[in-house]
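Please read through the structure below; I'll follow up with questions.
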Amino acid sequence: MYAERIAGLRSSAIRDILKLMSRPGIISFAGGLPAPELFPIKEIGDAAAKVLSRHGSSALQYSITEGLIPLREKIIKKLDPDSKYLSLENIIITQGSQQGLDLISKLFLDKGDTVFTETPSYLGALQSFQLFQANIFAIPSDEKGIQTEELGKKLKTHRPGLLYLMPNFQNPTGASIPMDRRYRLVEIAGKHDFMLIEDDPYGELIFEGEKLPSLFSLAQSKNFIYMSSFSKTIAPGFRVACVIADKEIIKKFAIVKQGTDLHTNTFGQYIVNEYLENGNYHEHINLLRETYKVRRDCMLSAMEKYFPKSAKWNKPAGGMFIWAILQEGYDAREILMRCIEKNVAFVPGQEFFPDGSGKNTMRLNFSNATAENIEEGIRRIGEVLVKTSPQI
Ligand SMILES: Cc1ncc(COP(=O)(O)O)c(C=O)c1O
């Protein structure tokens, strides 16, 4: 009955458990959700009203597959202010970056093709590549993202179709790729013929340090694809994101997208465009940065206070996640089950490892909880960790 590729599909046991957990009172560090109390509700309401009065029916009509022209122009201008390497033909608006990943899989993956990813990597991307029956190879990563030496070694024996990376505050680890590695990645990619996919939904959420240039802008090559999204900067409910690529590739994206949904929702694009033009987008980003930074710091100090000394974690300079590595022998799934009894949740890191390793790791989201709940939630997790002995 089902297509052959559906046979290998499994829902994630942990995702299923976490889905059941939206009960009141739970402190959840599990989702990758922005802070709902910061959504610019009034400004979006004003933008929606203006769109309807100014554009009326065209904001509710079918529209072109590539996306609303003024919105595309704004994104291009932001990424390439001097119009050196991008034009309107280099961008397509997608229904979230997740659709970008789906379209990429449809465009570039045949059954059995190889995809290289960081370890760990974004679950939604892994699911998309797996649906198209790709073989995923996890390239070792550290606190500076993918290890380029290991990548070089793997490229001697494998020919990937895609290399999928999140250079800024990646999901799940929060790690960013520093400048020297970015140059090295561009150099390596220049010697091979895979597509390098750069997924960047968190780049704007920077708390400290300098914003680094995208791999796409460094390479300016047709083997690079860049993706960004308004999910984490305005609101995920809009499902408005974009793919930037060579114009011939964008043409192919448009054809594949037509078969999927014709175009991204028109009204949402108009509202996002109006909000960018006349709303408080820049102040809003600053508010997100300030609030998330306070929440990150709050989580870090609570972890210092309550987590066992054997646990290690990073201090991400942006984004929404802290990554913790527990002493060898801990099973984060088991810890989660005990934490659920105490009304607190996180995602066991193993979910993000294509090879099933990472049993003793956990992803903690800090954007979606108040400082008070962060302190209390981390205290509860810490208590479970201290009471649980690692199984060596
Ligand atoms: C790395 C990464 N890529 C893509 C997505 C999907 O984002 P969107 O809401 O734009 O579909 C997410 C969502 O959490 C993500 O973390």
Side-chain angles (χ1 to χ4, degrees), residues 12 14-15 18-19 28-36 39 67 71 75 91-106 115-131 136 138 141 145-146 162-177 196-206 214-216 225-244 253 257 260-261 263-265 268-269 271-272 285 288 292 316 318-323 346-347 349 351-354 363-368:
S12 146
I14 293 296
R15 275 203 169 185
L18 292 169
K19 235 186 333 199
S28 180
F29 306 130
L33 308 185
F39 288 151
L71 175 61
I75 298 171
I91 177 170
I92 183 164
I93 304 292
T94 54
Q95 201 93 249
S97 288
Q98 193 61 42
Q99 182 179 58
L101 290 165
D102 178 65
L103 298 178
I104 284 168
S105 302
K106 284 177 178 161
V115 176
F116 280 4
T117 67
E118 295 160 271
T119 326
S121 187
Y122 169 54
L123 190 55
L126 299 179
Q127 283 175 327
S128 180
F129 304 146
Q130 276 156 355
L131 178 61
I136 298 180
S141 305
I146 190 162
L162 303 179
L163 166 61
Y164 171 71
L165 299 174
M166 292 159 276
N168 298 318
F169 322 123
Q170 79 111 277
N171 181 0
T173 66
S176 291
I177 301 178
L196 192 150
I197 312 299
E198 180 176 19
D199 189 4
D200 186 25
Y202 302 103
E204 289 288 324
L205 302 178
I206 179 168
S214 65
L215 298 171
F216 186 97
I225 291 180
Y226 175 86
M227 292 196 292
S228 180
S229 172
F230 291 105
S231 284
K232 307 300 191 300
T233 52
I234 304 179
F238 275 120
R239 313 305 300 130
V240 174
C242 67
V243 171
I244 309 281
F253 266 95
K257 186 171 161 67
T260 304
D261 63 357
H263 60 78
T264 298
N265 99 70
Q269 293 186 69
I271 297 174
V272 169
I285 297 288
L288 294 177
Y292 291 177
M320 305 198 332
F321 306 107
I322 291 174
W323 182 247
F346 60 88
V347 183
E351 295 294 302
F352 305 98
F353 286 80
R363 188 191 77 176
L364 296 155
N365 166 265
F366 53 78
S367 59
N368 190 238

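Counting from 1, the numbers follow the sequence of the chain as shown. Given the structure is predicted, the values throughout are model-derived calculations rather than measurements. First listed ligand is number 1; within each ligand, the first listed atom is number 1.
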Let me confirm one number: the CZ-CG distance from Phe253 to Leu103, rounded to the nearest 0.5 Å.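 Those atoms lie 6.0 Å apart.
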Atom 16 (O) of ligand 1: the protein heavy-atom neighbour that sits closest, reported with distance to 0.1 Å: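 Residue, atom and distance for the closest contact: Tyr202 OH, 2.6 Å.
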Any idea which atoms of ligand 1 are less than 4.0 Å away from a heavy-atom of Ser97?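 Here the atoms of ligand 1 in question are 4 (C), 7 (O), 8 (P), 10 (O), 11 (O).
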Using a strict cut-off of 4.0 Å, indicate which atoms of ligand 1 neighbour a heavy atom of Arg239.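 Going through ligand 1 atom by atom, the ones under 4.0 Å from Arg239 are 8 (P), 9 (O), 11 (O).
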Between Glu204 and Asn168, does a side-chain hydrogen bond (donor to acceptor under 3.5 Å, both in side chains) hold up when you go through it step by step? CA-CA 9 Å; Glu204 289 288 324; Asn168 298 318; over 6 Å; no
From Trp323 CH2 over to Gln170 CD, what is the distance, rounded to the nearest 0.5 angstrom?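 Trp323 atom CH2 to Gln170 atom CD measures 8.0 Å (nearest 0.5 Å).
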Could you tell me if the ring centre of Phe352 sits under 6.0 Å from that of Tyr122?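 No.
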Spacing of Ile92 atom CD1 and Ile75 atom CD1 [to the nearest 0.5 Å]: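 That separation rounds to 11.5 Å.
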Nearest-contact summary for atom 2 (C) of ligand 1 - protein heavy atom, Å: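 Atom 2 (C) of ligand 1 sits closest to the protein heavy atom Asp199 OD2, 3.4 Å.
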Could you find the nearest protein heavy atom to atom 14 (O) of ligand 1 and give me its residue, atom name and distance?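 That would be Lys232 NZ, 2.9 Å.
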Which of the ligand 1 atoms, numbered from 1, are nearer than 4.0 Å to a heavy atom of Met166: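 Per the distance check, 1 (C).
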Decide whether an N or O pair under 3.5 Å exists between Gln95 and ligand 1.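 For ligand 1, there is no N or O atom that lies under 3.5 Å from one belonging to Gln95.
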Tell me: protein heavy atom nearest atom 6 (C) of ligand 1, and distance?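 Result for atom 6 (C) of ligand 1: Tyr122 OH, 3.5 Å.
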What is the nearest protein non-hydrogen atom to atom 9 (O) of ligand 1, stated with its residue, atom name and distance?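 Result for atom 9 (O) of ligand 1: Ser231 OG, 2.6 Å.
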How many angstroms lie between atom CD1 of Ile197 and atom CG of Leu163, to the nearest 0.5 angstrom?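 That separation rounds to 8.5 Å.
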Point-to-point distance, once rounded to the nearest 0.5 Å, from CZ of Arg239 to CG of Asp261: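 Going from CZ on Arg239 over to CG on Asp261, the span is 11.5 Å.
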Are Phe230 and ligand 1 in contact, using a heavy-atom cut-off of under 4.0 Å?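 Per 4.0 Å heavy-atom rule, Phe230 does not contact ligand 1.
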Quick check on Pro201 - does any of its heavy atoms sit under 4.0 Å from an atom of ligand 1?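 Yes, that is the case, since the closest heavy atom of the residue is under 4.0 Å from the ligand.
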To the closest 0.5 Å, what do you measure between CG (Leu123) and OG (Ser128)?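 Output value for this atom pair is 11.5 Å.
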